[in-house]
Amino acid sequence: MGLITWATSPWGQTVPIHAAWGLIWAAVIAGFFFMIVHTLYVALLAPKKKFEHEVTPAEAAAVPARVPRHSLTARLFHWIMALSMIALLITAFLPKVGVRFDWVTYHWIAGLLLTASILFHIFHASFVMDFWSIWPDRADIRDAMRRTLRFFGKPAPPAERFAKYPLENKLYHMAVMLAGLAVIATGLFMMKRVDSIFKPRNPYLFSEFTWGMMYVLHGLAGIGFIALTLVHVYMGLRPEKLPITKSMVFGYMDRDFYLEEHDPARWAVKGSSDKQPLAPSEGD
């Protein structure tokens with residue numbers, strides 16, 4: 001099975017027309033394969049957590065009972081983006097596996113909603129939130145190397161606790177960002193090939209080959225989102241990750257989980273009193 005489906009144009013040219021739809025099942029299998037392997041790794045092979053430095057009593061005393069993690073704005077963005085992504089996946093791939101319905105209008109509406117939410121997130125993350133908190137830094141790379149060496153029985157110091165976002169969250173964010181930008185950029189151009197309330201269609205903007213490659217990239221990125229979504233849901237439902245998932249609903253996590261997983265030196269919490277729960281600030 002190849003990655004691309006080809007066809008012959010009316011002018012006798014061999015042109016790409018879309019991604020190979022058999023990859024849909026490959027993405028589903030890959031997602032479930034990850035779940036099985038990760039479950040077995042956590043149950044049988046994962047070493048007991050050990051960190052280089054312990055949290056001092058003074059640091060623990062400065063942490064509120066409820067640690068603000070996600071503002072209301074950030075949570076609304078996340079769930080709007082999630083709903084639009086699910087709508088895109090349903091309208092894009094159910095027809096490809098035999099479920100027939102008039103999907104095109106619903107698909108481009110969901111695509112515009114996703115595009116608007118991503119543009120808002122870029123602005124919000126750049127000017128309101130801590131932009132660099134979601135990107136891997138030197139400490140993340142160092143600690144990943146330490147964990148790898150210790151897993152294989154090599155001498156290495158214990159890793160430090162995470163900052164606000166663990167390295168796996170940061171890497172997942174990068175994968176979603178790349179796939180999302182590919183879907184949005186190609187999708188906006190593909191809007192030129194459908195009639196909408198904004199403009200009439202213009203299928204002659206690009207050559208047949210260029211249009212085909214655009215459909216291929218759009219399809220491959222969308223298929224990638226199937227596996228990414230399955231992994232995201234699985235990780236969000238794992239018992240050790242539930243406090244993070246709940247923070248995307250309620251905006252905060254409990255102090256015990258924060259002290260167990262996060263380094264106060266790398267993720268400073270605003271406020272030091274646990275008498276009153278802190279509301280999440282726009283910068284968190």
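As the structure is a computational prediction, the values presented were derived from the model and not from experiment.
Between atom NZ of residue Lys170 and atom CE of residue Met177 there is a gap of 14.0 Å, rounded to the nearest 0.5 Å. Atom CG of Leu94 and atom CG of Leu89 lie 9.5 Å apart (nearest 0.5 Å). From His78, atom NE2 reaches atom OG of Ser117 across 11.0 Å, with rounding to the nearest 0.5 Å. Here the CE-OG1 distance, from Met145 to Thr148, works out to 8.0 Å after rounding to the nearest 0.5 Å. A distance of 11.5 Å separates CZ of Phe189 from CG of Leu217, quoted to the nearest 0.5 Å. The distance from atom OG of Ser71 to atom CG of Leu76, rounded to the nearest 0.5 Å, is 8.5 Å.
Of the listed residues (Glu260, Glu52, Glu59, Glu54), just one forms a salt bridge (charged side-chain N to carboxylate O under 4.0 Å, His left out) with Arg161, and that residue is Glu54. A side-chain contact (heavy atoms from CB on, under 4.5 Å) with Leu88 is found for exactly one of Leu114, Ile109, Leu113, namely Leu114.
The aromatic rings of Phe250 and Tyr252 sit tilted, their planes meeting at an angle between 30° and 60°. The aromatic rings of His218 and His107 sit perpendicular to each other, their planes meeting at more than 60°, with 30° as the lower class boundary. The aromatic rings of His262 and Tyr258 sit parallel, their planes meeting at an angle under 30°, below the 60° perpendicular limit. Between Phe206 and Trp211, the angle of the ring planes goes over 60°, which puts this pair in the perpendicular group of the 30/60° scheme. Between Phe120 and His124, the ring-plane angle classifies as parallel under the 30° and 60° cut-offs. The aromatic rings of Trp135 and His173 lie perpendicular to each other, with more than 60° between the two planes, well past the 30° mark.
Here the shortest heavy-atom pairing between Leu220 and Leu3 reads CD2-O, 4.0 Å. The heavy-atom pair separating Thr91 from Phe101 by the smallest distance is CA-CZ, 3.9 Å. Thr14 and Phe209 make their closest contact through O-CD1, 4.3 Å (heavy atoms, listed as atom of the first residue, atom of the second, distance). Among all heavy-atom pairs drawn from Ile223 and Phe93, the shortest one is N-CZ, 3.6 Å. Summarising the geometry of Phe151 relative to Pro47, their closest heavy-atom pair is CD1-CD, 4.4 Å, with the distance given to 0.1 Å. Contact detail for Ala227 and Ala27: the closest heavy-atom pair is CB-O, 3.6 Å.
No donor-acceptor contact under 3.5 angstrom links the side chains of Thr186 and Tyr215, judged on distance only.
With sequence neighbours excluded, no residue forms a salt bridge (charged side-chain N to carboxylate O under 4.0 Å, His left out) with Lys192. Residues passing the salt bridge (charged side-chain N to carboxylate O under 4.0 Å, His left out) test with Lys246, sequence neighbours excluded: none. With sequence neighbours left out, the salt bridge (charged side-chain N to carboxylate O under 4.0 Å, His left out) criterion links Arg238 to Glu240.
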Please assess Phe51 against Asp263 for the test side chain to side chain contact (heavy atoms under 4.5 Å, CB included), listing each intermediate value before the final yes or no.
CA-CA 10 Å; Phe51 301 102; Asp263 185 350; over 6 Å; no
If you apply the rule side chain to side chain contact (heavy atoms under 4.5 Å, CB included), what do you find for Lys241 with Glu168, and how did you get there?
CA-CA 12 Å; Lys241 301 295 184 181; Glu168 56 265 29; 3.2 Å; yes
For side chain to side chain contact (heavy atoms under 4.5 Å, CB included), just list the numbers for Val176 and Leu228, CA-CA rounded to whole Å, side-chain angles, deciding distance to a tenth of an Å, and then say yes or no.
CA-CA 7 Å; Val176 169; Leu228 288 170; 4.3 Å; yes
Worked verdict on Ile24 versus Ile226 for side chain to side chain contact (heavy atoms under 4.5 Å, CB included)
CA-CA 8 Å; Ile24 295 173; Ile226 296 175; 3.9 Å; yes
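The number of heavy-atom neighbours closer than 6.0 Å to CH2 of Trp6, taken from other residues, nucleotides and ligands shown, is above 12. Within 6.0 Å of atom OH in Tyr172, more than 12 heavy atoms from other residues, nucleotides or ligands are found, so the atom counts as buried in its surroundings. By the 6.0 Å contact criterion, CZ on Phe33 is open, its count of non-hydrogen atoms from other residues, nucleotides or ligands being 12 or less. When the shell of 6.0 Å around OH of Tyr204 is examined, it contains 12 or fewer heavy atoms from other residues, nucleotides or ligands. No more than 12 heavy atoms of other residues, nucleotides or ligands lie within 6.0 Å of CZ in Phe32, so this atom counts as exposed by the packing criterion. Heavy atoms of other residues, nucleotides or ligands lying less than 6.0 angstrom from OH of Tyr234 number more than 12.
Checking side-chain atoms of Arg150 against main-chain N and O of Ala156 turns up a donor-acceptor pair under 3.5 Å. Thr5 places no side-chain N or O within donor-acceptor distance of the main-chain N or O of Ile17, the cut-off being under 3.5 Å. Between the side chain of Arg75 and the backbone N or O of Val249 there is at least one donor-acceptor pair closer than 3.5 Å. No donor-acceptor pair under 3.5 Å is formed between the side chain of Arg201 and the backbone N or O of Val194. For the pair Lys164 (side chain) and Arg69 (backbone), a donor-acceptor distance under 3.5 Å is present. For the pair Ser126 (side chain) and Phe123 (backbone), a donor-acceptor distance under 3.5 Å is absent. Using a distance-only test at 3.5 Å, with no hydrogens or angles considered, a donor-acceptor pair links the side chain of Asp137 to the main chain of Ala139. The main-chain N or O of Pro95 is found under 3.5 Å from a side-chain atom of Arg100 such that the two form a donor-acceptor pair. Ser247 places no side-chain N or O within donor-acceptor distance of the main-chain N or O of Gly251, the cut-off being under 3.5 Å.
Side chains of Pro136 and Met174 form a contact here, defined as non-hydrogen atoms less than 4.5 Å apart. The shortest side-chain heavy-atom distance between Ile184 and Ile118 falls under the 4.5 Å cut-off.
Between Asp140 and Arg266 a salt bridge is recorded (basic side-chain N to carboxylate O distance below 4.0 Å). Under a 4.0 Å N-O distance rule, the pair Lys49/Glu261 qualifies as a salt bridge. Using a cut-off of 4.0 Å between Lys/Arg side-chain N and Asp/Glu carboxylate O, Arg146 and Glu160 are scored as not salt-bridged.
The hydrophobic cluster containing Leu178 also contains Leu167, counting ILVMFWY residues as joined when their side-chain heavy atoms lie under 4.5 angstrom apart, directly or transitively. In this structure, Ile36 is not a member of the same hydrophobic cluster as Ile29, with clusters built from ILVMFWY side-chain heavy atoms closer than 4.5 Å.
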